[in-house]
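Data first, discussion second: the structure below is written as structure tokens.
Remember, predicted model here, so these are calculated numbers, not experimental data. Numbers here simply count residues along the sequence, with the first being 1. Order of appearance sets the numbers: ligands from 1, and atoms from 1 within every ligand.
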Amino acid sequence: MSKTNPMCKTTLYNHFISVFNLILLLGASALIMSCGATNKSLTRSEQCTLNRYEYASIHMGSRCSIVLYAPTENQAAEAVNKAFVRIAQVEQVLSDYRSNSESMLATSQPSGEWVPASPTFIEVLELSKGFFEISEGAFDPTVGVYTHLWRSAKNTNRIPTQDELAIAKYSVGFEHVSVDHQNMRVRFDRPNMILDFGAIGKGYAADCALAVLSDLGYDSAIVDLGGDLAIGRSPPGDAVGWVVTVQPGNSAEWSSQWSSSGIATSGDLERHYVYRGIRYSHILDPRTGLGVTYPRAVTVVAEDAATADALASIVSVVGEGAISLLQSEFSGVQVRVDTGRAFENSHLDSTLP
Ligand code: ADP
Ligand code: MG
């Protein structure tokens, strides 16, 4: 399966807080860096005076911060604006919070009919299909009909009933989605399907933003979209990479250095719902429509952020047993699972947003 996002070259979401806080601790705060940069699009003298710039904006219901090295503030701001525009475009394709997103409009068409689709929509569906197949259905964006049931049930302090889940089940299953890449169209074979790209959308969008920066010549950059990170070339003059600190909920934080990769987290520390003493994660088991109840916090490092995002969700559903298969299928994947035993002693009634 494709492990990269080729269309991101120039080319969601949840409204909760990420389970982990990924903190970028950039080793050097000095503005003027050495001539170690290898940015092809910049002149030699520009490379000698690369400065560090940082920007933040809200996208996909999350804080998105971008750090990049560029010769001037104007150049940095112009590039980052383009990256943010690209993220907004991706959100408009994938969001299940917007009734007019491409995804929501497509699934509102009569089932069984082909619907024209944009390159971004096609690509995310194809990536999702790969993750659906490799995880034997544990990763499945068609859980949207379940997640929308949960959202409305939580608003009335309950959980979905067995009857509601049984009816919804008919509209769940990525096997009912067909993607026709050649003719740029998609088909949904069950009525009332809803796509929820919450488990891949932010990672994918972060990759797209990083690709925009790279295409403009800014290779030393990092995009953090709600805790899902697309990491570019190392900061100039730094051979090892960007220092990223992961703080997995109640467990001790840990740090390492990475470049040219993606990091994502999944878990239920902050995004869960406690009902009658049972703690349900926002990550659902597609077979039952119920939130996963085993507390775990998963961090994945992969070659891009979309892959890391999807794999972290898969391990959240399946557990540590999935790790060796994922590592054999995807090169360079590292997985860390924190089981957060402190969770078991918490007495939260509800963490409704
Ligand atoms: P986070 O939002 O903490 O980064 P994830 O990347 O794991 O966590 O995404 C979880 C979101 O993905 C859920 O809030 C929901 O929108 C969606 N989702 C839930 N269960 C699944 C699943 N089994 N497969 C695909 N998407 C899911
Ligand atoms: Mg995910």
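For Ser266, a nitrogen or oxygen atom sits less than 3.5 Å from a nitrogen or oxygen atom of ligand 1, counting backbone and side chain alike. For a threshold of 3.5 Å applied to N or O pairs, the pair formed by Ala199 and ligand 1 contains at least one separation below that value. Annotation: Leu284 places an N or O atom under 3.5 Å from an N or O atom of ligand 1; distance criterion only.
Among all heavy-atom pairs drawn from Ala308 and Ala302, the shortest one is N-CB, 3.8 Å. The nearest pair of heavy atoms linking Val317 to Val292 is CA-CG2, 4.1 Å.
Contacts of Ala312 with ligand 1, taken as heavy-atom pairs under 4.0 Å, are absent altogether. In Asp140, the part holding a heavy atom less than 4.0 Å from any atom of ligand 1 is the backbone. Within the 4.0 Å heavy-atom criterion, neither part of Asp285 lies near ligand 1.
Counting only non-hydrogen atoms, the option in Gly198, Ser62, Gly227 that gets closest to atom 9 (O) of ligand 1 is Gly198.
A salt bridge is absent between Arg185 and Glu113; no separation between the charged side-chain nitrogens and carboxylate oxygens falls under 4.0 Å.
Rounding to the nearest 0.5 Å gives a distance of 11.5 Å between CD of Glu102 and CD of Gln89.
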Under the salt bridge (charged side-chain N to carboxylate O under 4.0 Å, His left out) criterion, do Lys129 and Asp140 qualify, and how do the steps go? CA-CA 8 Å; Lys129 193 176 179 60; Asp140 188 347; over 6 Å; no

